[in-house]
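To keep things clear, I will list the structure first and then write my remarks on it.
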Amino acid sequence: MIQKRKILAQDLDCFLSEYLMGGYRQDRSSLTHIEIESGKIEGFINIEDYFRPSDGQFHFTVPLSLLWVSQLAIIYACLDNHLSSKQGESYLNKWNIVCKKPILQTHQINIKILLMSKRKFKNNFVYKGNFDICNKSFYGQASFIFPVL
């Protein structure tokens, strides 16, 4: 059992993840293309550069999954609402992810979102969907608030 005590920040450095403390900023990724149809968007991501962990191998991370699922949801909502550009800020409302197995590839990382519902509330749409990254290596549910201006 851990006893309650105060520990100064400098004494915690040995426990901190180099990736979480800033290494993630080295990750650079790009969208190569999408495939879209009513109720579904699928994006393909390439990793251009990345933080080198102690094993030297790329690991697709939860922060990258959050970034790309969010970006694909915004693209889907813009096209679904016949917009020529993003107008206003979209907000992640809920996020649930399961990381079943590591994603180590750096090219053509496949991310699918299947729309489960779309509802209008005042000046927003709320989109809910299921996402799947690399054949359920990572998967989950998310909802987004998309403004209608």
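None of the values given here were measured: they were computed from a predicted structure.
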Do [X] and [Y] land in one hydrophobic cluster if side-chain heavy atoms of ILVMFWY residues count as linked below 4.5 Å?
X: Tyr19; Y: Leu67; answer: no
X: Val69; Y: Leu114; answer: no
X: Tyr139; Y: Leu66; answer: no
X: Ile36; Y: Leu31; answer: yes
X: Phe144; Y: Leu115; answer: yes

| message | As a test of understanding, state which of Ile133, Thr106, Leu104 forms a side chain to side chain contact (heavy atoms under 4.5 Å, CB included) with Phe60. | response |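 Of Ile133, Thr106, Leu104, side chain to side chain contact (heavy atoms under 4.5 Å, CB included) with Phe60 is met by Ile133 alone.
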| query | Which residue, Thr61, Val98, Ile111, Ile103, forms the side chain to side chain contact (heavy atoms under 4.5 Å, CB included) with Phe138? | reply |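 For Phe138, the side chain to side chain contact (heavy atoms under 4.5 Å, CB included) check succeeds only for Ile103.
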Roughly how far, to the nearest 0.5 Å, is [atom2] of [Y] from [atom1] of [X]?
X: Lys128; Y: Lys94; atom1: NZ; atom2: NZ; result: 5.5 Å
X: Asn110; Y: Glu42; atom1: CG; atom2: CD; result: 4.5 Å
X: Asp27; Y: Asp49; atom1: CG; atom2: CG; result: 8.0 Å
X: Gln105; Y: Ser137; atom1: CD; atom2: OG; result: 7.5 Å
X: Ile41; Y: Leu72; atom1: CD1; atom2: CG; result: 5.0 Å
X: Ile113; Y: Tyr76; atom1: CD1; atom2: OH; result: 10.0 Å

Has [X] got more than 12 heavy atoms of other residues, nucleotides or ligands less than 6.0 Å from its [atom1]?
X: Lys86; atom1: NZ; answer: yes
X: Lys101; atom1: NZ; answer: no
X: Ile2; atom1: CD1; answer: no
X: Lys118; atom1: NZ; answer: yes
X: Gln57; atom1: CD; answer: yes

| message | Classify the ring geometry of Phe44 against His33: parallel below 30°, tilted from 30° to 60°, perpendicular beyond 60°. | response |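 The arrangement is parallel - the two ring planes meet at less than 30°.
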Work out which heavy atom in [X] is nearest to a heavy atom in [Y]; give both atom names and the distance.
X: Ser17; Y: Leu20; result: OG-N, 3.1 Å
X: Ile97; Y: Ser65; result: CD1-OG, 3.4 Å
X: Ile7; Y: Arg5; result: CD1-NE, 3.6 Å
X: Glu48; Y: Ser30; result: OE2-OG, 2.6 Å
X: Asn46; Y: Gln108; result: OD1-N, 2.7 Å

| task | Output, in order, the C-alpha distance, side-chain angles, deciding distance and verdict of side chain to side chain contact (heavy atoms under 4.5 Å, CB included) for Leu64 and Ile109. | result | CA-CA 11 Å; Leu64 280 172; Ile109 296 168; over 6 Å; no
| task | Assess whether side chain to side chain contact (heavy atoms under 4.5 Å, CB included) is satisfied between Asn93 and Asn124, documenting all intermediate values. | result | CA-CA 12 Å; Asn93 189 22; Asn124 299 300; over 6 Å; no
| Polar contact flag, side-chain donor to acceptor under 3.5 angstrom, Asp80-Tyr127 |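 Yes, side-chain donor-acceptor contact under 3.5 Å.
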| message | Between Trp68 and Phe131 (judged by ring centroids, cut-off 6.0 Å), do the two rings come close enough to count as a pair? | response |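 Not close enough - the centres of the two rings lie 6.0 Å or further apart.
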| Backbone N/O of Gln26 and side chain of Arg28: donor-acceptor pair under 3.5 Å |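 Not at all, since once roles are kept as given, no pair shorter than 3.5 Å links the two residues.
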| field | Test side chain to side chain contact (heavy atoms under 4.5 Å, CB included) applied to Phe146 and Cys78, step by step | value | CA-CA 9 Å; Phe146 187 78; Cys78 286; 3.8 Å; yes
